[in-house]
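Working notes for the structure below.
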Amino acid sequence: MIRSFHLFLMLLACFFCHAEDGYRLWLRYDKIGNTQILKQYQTHLHSFTFIGSSATLIAAKKELTTGLSGMLGKAVVEKQLAGSSIVIGKINEPAIKAAFSNKVPVNLGSEGFAIYTTDTKTVVITANTDVAILYGVFHFLRLLQTLQSIQQLTITSVPKIQNRILNHWDNLNRHVERGYAGISIWNWHTLPDYIDQRYIDYARANASVGINGTVLTNVNANALVLTKDYLLKVKALADVFRPYGIKVYLTARFSAPIELGGLKTADPLDAGVKEWWKKKADEIYALIPDFGGFLVKANSEGQPGPQNYGRNHADGANMLADAVAPHNGIVMWRAFVYSNETPEDRFKQAYNEFKPLDGKFRKNVLVQVKNGPIDFQPREPFSPLFGAMPQTPLMMEFQITQEYLGQATNLVYEAPMFKEVLDADTWQKGKGSSIAKVVDGSLHNYSITGIAGVANIGNDRNWTGHPFGQANWYSFGRLAWDYDLTSTQIADEWIKQTFTGSKKFVDTARKIMLSSHQTLVNYMTPLGLHHIMGTGHHYGPAPWIINAGRADWNPVYYHRADSIGIGFDRTIKGSNALAQYAPEVRKSFEDITTCPEDYLLWFHHVPWNYKMRSGRNLWDELCYRYYSGVDSIRAVQQQWNGLKGLVDDERFTQVQMLLNVQVKEAIWWRNSCLLYFQTFSKMPIHSQYEKPDQTLEYYKGLKFPFAPGN
Ligand code: GCW
């Protein structure tokens, strides 16, 4: 009796104690801890007026009231206009015009918003559309959560890129390809009738950073999602997302007309095939009038495509584009193609395939290009396609999920990596032809623009597995909206909203985040090494692999280590991939003395005794980088330990344990790569460094048949 009473008390306590499990992401809205700022906000913000009542505005109002009451610790009342401290409504509302004395901000477009403090100290949030007002509300809440002053706001914010889209590589059986945070959040079995709260919270999180589209299914596509039953499930999700300004898209399996339609062919020029897709599009749009369109992986890694019928990528893309065009849909056609039957450096293949098709695509087609020419390696030079297709809208594809970045056990902040790519200069129209300007359409006057991020989201309670993985989802959205934000700004925002505003915590976490990408590159693939990870699951190092199913899946294909040196010669003396860049870019990479050392082994086969800028020879520099990578992550462990007590124990301990894993994995990378490359260099690991504690044979023998994500 006493025992069960005890148990009851314990259960009760558990029910009320609010464990910080990370589910709330950056939308926590806890009461503001800084009493001075809290006082200011409480005095300033006592009431609000919301003009309008659409589903989107209801969502915005709900977010505002939840956010304000949480952060201020008191309810903020809704009022009719007079005396309200916050007024929210569309620009053309008379009350908004009056608040601005008719000087309403212009050029906000359909998604931009303005937040102003008027002479009477009213905060006005306004825009041309409901969804833009929602974005404005989220931005205002972000200002409060990051403890900004709201005394004299004069903010206008307009997204630079139109389509800001997450790509889920989620299969219908809920396995997520390259997913490390549980299974898919789409529960296809219980849809359409069961609406998980997660769907709504997913939409809120995306809208809060301006993500306005989601491709629900894997690019390695299953045609089944295009059947009636599944389309009804897709419709249910679209209905949940619509108020939040998020369109749904699907991946289109190119052979669907055969698999579902019973046709004999999927030839894009066949009249029956065209008709099938047209009818399918009509069927989809009848259910989902604002359906976004299709994302397609074709003739890549075994996926069917137009080349099966002797047609090219433009033929395939255009056929689908014609089917969705009457409904204003778009087609995102991926450029990630390479074939081991082509006797050509894989680096060059996407360019060779797509460059000749420039200008041959329909107006509603975007070609979606991965940031680098190979495959989301820890650091890649930019894909030469970004400087080569002025007549075709090119979409950026980033990978948020950490397939090659330590998966969900490594703390890596990706904003600096994304920015490195966006800032890179293609020189296509002379200096200043940055990739950001290609993607946002300003360089070539594209009428349609887009950016995609392969999601790192799963049904783990905290969505992304590693608590810091949330920062990568967040920063993808923020950069898609405005790539001029700095990695520091985004990190600061995210830390304050997700953890705490404590200065010590923010300063330390920011420092950890900003150096994390370079640290990982150092212990995994320094100096431009690439594609030396384990086969299939891509977990951990395996530079020795020589027998993968295809030549271009073998690490030895990429690092080319031999008794002379290491690296892939892509100069004119080698594969000449550098010829795909503008002359200025090519020149700087081609000359080994000007090639940035971060990219050195991407482009040059460098002798082991080559003298690096540090004065060390290449072998010693390689050792130095690998060892300093491990040292840095050990230092991070110490820094993190110093934060105990500044945040909740749950997430503190979680990160602490993950850092232990990360240190082990970093050592594993360092030791196995150096021991393996040493068999070629025949040079010593100097005695100042700790000795690898295992043999090369040991590392070669490690097996991970059940590593996630494969
Ligand atoms: O890097 C590879 C991944 C595959 C992925 C492919 C792609 C979805 O290992 O899992 O398939 O890229 O981008 O299509």
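Every number for a ligand or one of its atoms is a count from 1 in the order of the listing. Hydrogens, waters and symmetry mates play no part in the numbers below; they use all other heavy atoms, side chains included.
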Classify the contact between W169 and ligand 1 as side chain, backbone, both or neither, using a heavy-atom distance cut-off of under 4.0 Å.
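Side chain only; the backbone of W169 stays clear of ligand 1.
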Hey, is W553 touching ligand 1 through its side chain, its backbone, both or neither, going by heavy atoms under 4.0 Å?
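Neither; nothing of W553 gets under 4.0 Å from ligand 1.
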Please determine whether a side-chain nitrogen of the Lys or Arg among [X] and [Y] lies less than 4.0 Å from a carboxylate oxygen of the Asp or Glu.
X    : Y    : result
D375 : K370 : yes
E420 : R379 : yes
R311 : D270 : no

Atoms of ligand 1 less than 4.0 Å from [X] heavy atoms?
X    : result
D375 : 1 (O), 2 (C), 12 (O)
R178 : 3 (C), 4 (C), 9 (O), 10 (O)
Y404 : 1 (O), 9 (O)
F336 : 6 (C), 7 (C), 12 (O), 13 (O), 14 (O)
H538 : 9 (O)
K297 : 6 (C), 7 (C), 8 (C), 11 (O), 14 (O)

Classify the ring geometry of F476 against F418: parallel below 30°, tilted from 30° to 60°, perpendicular beyond 60°.
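Perpendicular, since the angle between the ring planes exceeds 60°.
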Going by the angle between their ring planes, with limits at 30° and 60°, are F603 and Y599 parallel, tilted or perpendicular?
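Aromatic pair F603/Y599 classed tilted.
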N/O separation below 3.5 Å, N218 to ligand 1:
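Not met; the criterion fails.
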With nothing but distance in play, are any N or O atoms of K370 less than 3.5 Å from an N or O of ligand 1?
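There is such a contact, yes.
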Measure the distance from [atom] to every protein heavy atom, then report the residue, atom name and distance (to 0.1 Å) of the closest one.
atom                    : answer
atom 6 (C) of ligand 1  : E301 OE1, 3.3 Å
atom 3 (C) of ligand 1  : E403 OE2, 3.3 Å
atom 10 (O) of ligand 1 : E177 OE2, 2.4 Å

Can you name the nearest heavy-atom pair linking F386 to Q428, along with the distance?
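Where F386 meets Q428 most closely, the heavy atoms are O-OE1, 3.9 Å.
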Does K348 make a cation-pi contact with Y351, if we ask for NZ or CZ under 6.0 Å from the ring centre and within 45° of the axis?
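K348 over Y351 ring: no.
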Close side-chain approach of V337 to H313, heavy-atom, < 4.5 Å
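Yes; the side chains approach each other to less than 4.5 Å.
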With Y539, the ring pair (Phe, Tyr, Trp, His ring centres under 6.0 Å) member among F706, Y404, Y180, W668
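Per the ring pair (Phe, Tyr, Trp, His ring centres under 6.0 Å) rule, the option paired with Y539 is W668, out of F706, Y404, Y180, W668.
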